[in-house]
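Within every chain, numbering begins at 1; the chains are lettered A, B, ... in the order of the sequence lines, protein sequences first and strands thereafter.
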2 protein chains.
Amino acid sequence: MSDVEGELRDVDPRAPEAPRRPRAIGGRRAEIASAAARFFAEHGYHTVGMRDIAEAVGMRGASLYNHFSAKEEVLYAIALGMTKGPVEEHLPLLDAEGTPATRLAALLRAHIRNLAEHRVEHLVGLRELAALTPEHRAEITDYRRYYQRRVRDVIAAGARAGEFAVDGPGRAAVAILDMINGISWWLRSEHDVDEIVENYVGFALDGILQHARARDELRRRDG
Amino acid sequence: MSDVEGELRDVDPRAPEAPRRPRAIGGRRAEIASAAARFFAEHGYHTVGMRDIAEAVGMRGASLYNHFSAKEEVLYAIALGMTKGPVEEHLPLLDAEGTPATRLAALLRAHIRNLAEHRVEHLVGLRELAALTPEHRAEITDYRRYYQRRVRDVIAAGARAGEFAVDGPGRAAVAILDMINGISWWLRSEHDVDEIVENYVGFALDGILQHARARDELRRRDG
DNA sequence: ACACCATACTAACGACCGTCAGTAGAGCTG
DNA sequence: CAGCTCTACTGACGGTCGTTAGTATGGTGT
């Protein structure tokens, strides 16, 4: 009946060791989470039913419980992918060689590209935090706080080195991350991602993180 | 400005004789919307029931329909207050005397102060757009687009006048507004609003809107 | 070949939600 | 007082939702 095709046996990028599972069963999970993210992004978590998500991947609502133990688990998987992932894969860029400025620029570039590639998941992970279990929400916000702290620290290092001219590295970090995360609200497929990346890295590195220098120079000029 | 305080309603709501409060307040609508905004901000629009909102203002769920024709109307009132209001009250600051920089600074200051004063409404108006009727959502986004366009125009004027050094006034406008609107996600009552206002106006005016100047100067310095 | 297990299905339950109908008391107006 | 309005109440309906139980099926390992 249901013409579920088996062709999309996928390759999960992060499956270090698949425990004795010959079938690529993680793939269906990712497929469901991806479809759910699209729906959540467009209509909101609570207005989307399990039956809606199921239909999008070609099954009936109840069958989703073979892959997720609850609807909230789907949201949790989406949110976790957008917080834990970047922390583990992008944050090492801050430990690489180079000045704080080059390292931060590399991080922001990776961040924005990741956001553009997973726009809906990113949007959902930001917007639907309140729908998570308190424990899950705490875990997500912990990841986010850690990420933000690392950005703050590299900004502080750059300020000490004279690369940045900013007072309040913490506030600048928040401002930069909010500015960048705002992209997920309006990004459309017709936008030029490369251009956006360069614009925003410029806004952050040459703009916000130089604002104290520009401010002093402008004041000196104007008297 | 705050209207009706929570006067003593220590009476069992089931009591056949309800406490007679002084008539004369049309502020009941505002009181309901305000309580609803607090709940929506904390728990999300769909997880908050009419009965929850009602309880917060001392009535039963069905009685809310004497003030709003539907739950969505409550959300609409909140969102409208946070979009139409600023458009009509703050945007005239852009038509006042002064250079583009001083006028834009005045607008951003007013914007952030308004956001801080109505943090929950602002957050809800941003986050729960998807829960609005298509017609209501279109109206809200129209207001927001218009606001954004006006900001873009004053940035373009400042760039022509040499006050700003930015390429792409539209993108800078979006970045600045996203950065500022991000405040509503983390603002707490213990924050110093005045300090935030000055920080963010600096980020925008001396930072993002000067990034092309800073970029060129840094490149010249570094070779 | 057989057992197993992952996965899909159908059917239904219980809870909750937005909303409405109908009612009643208080205050104002004549 | 009579009559109208405003606002709150009770009670309930219809629908939807997340979730569970029980069952069927087909591929896989032994």
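Nearest nucleotide to the B:Ala70 side chain, out of D:dT20, D:dC9, C:dT19: C:dT19. The nucleotide whose nearest atom lies closest to any side-chain atom of A:Met59 is, among D:dT10, C:dA8, D:dT20, C:dA8. The side chain of B:Arg51 has C:dG18 as its nearest neighbour among C:dG18, D:dG11, D:dA8. Comparing D:dG18, C:dC20, D:dC9 against the side chain of A:Tyr65 picks out D:dG18 as the nearest.
Proximity of A:Arg103 to A:Asp95: side-chain heavy atoms (C-beta onward) are nowhere separated by under 4.5 Å.
One N or O donor and one acceptor, one from the side chain of B:Asn66 and one from the base of D:dA8, sit under 3.5 Å apart.
Judged by the 6.0 Å and 45° rule, B:Lys71 forms no cation-pi pair with B:Tyr65.
Between B:Arg28 and D:dC6 there is no side-chain polar atom (N or O) within less than 4.0 angstrom of OP1 or OP2. In this model, the phosphate group of C:dC9 is approached by a side-chain N or O of A:Ser63 to a distance below 4.0 Å at OP1 or OP2.
Aromatic ring centres of A:His90 and A:Tyr147 lie farther apart than the 6.0 Å criterion allows.
Contact check of residues 40-47 of chain A against DNA chain C (heavy atom, cut-off under 4.0 Å) returns no residues at all.
Side-chain contact check for B:Glu139 and B:Tyr76: at least one donor-acceptor pair (N or O, by modelled atom type) lies under 3.5 Å.
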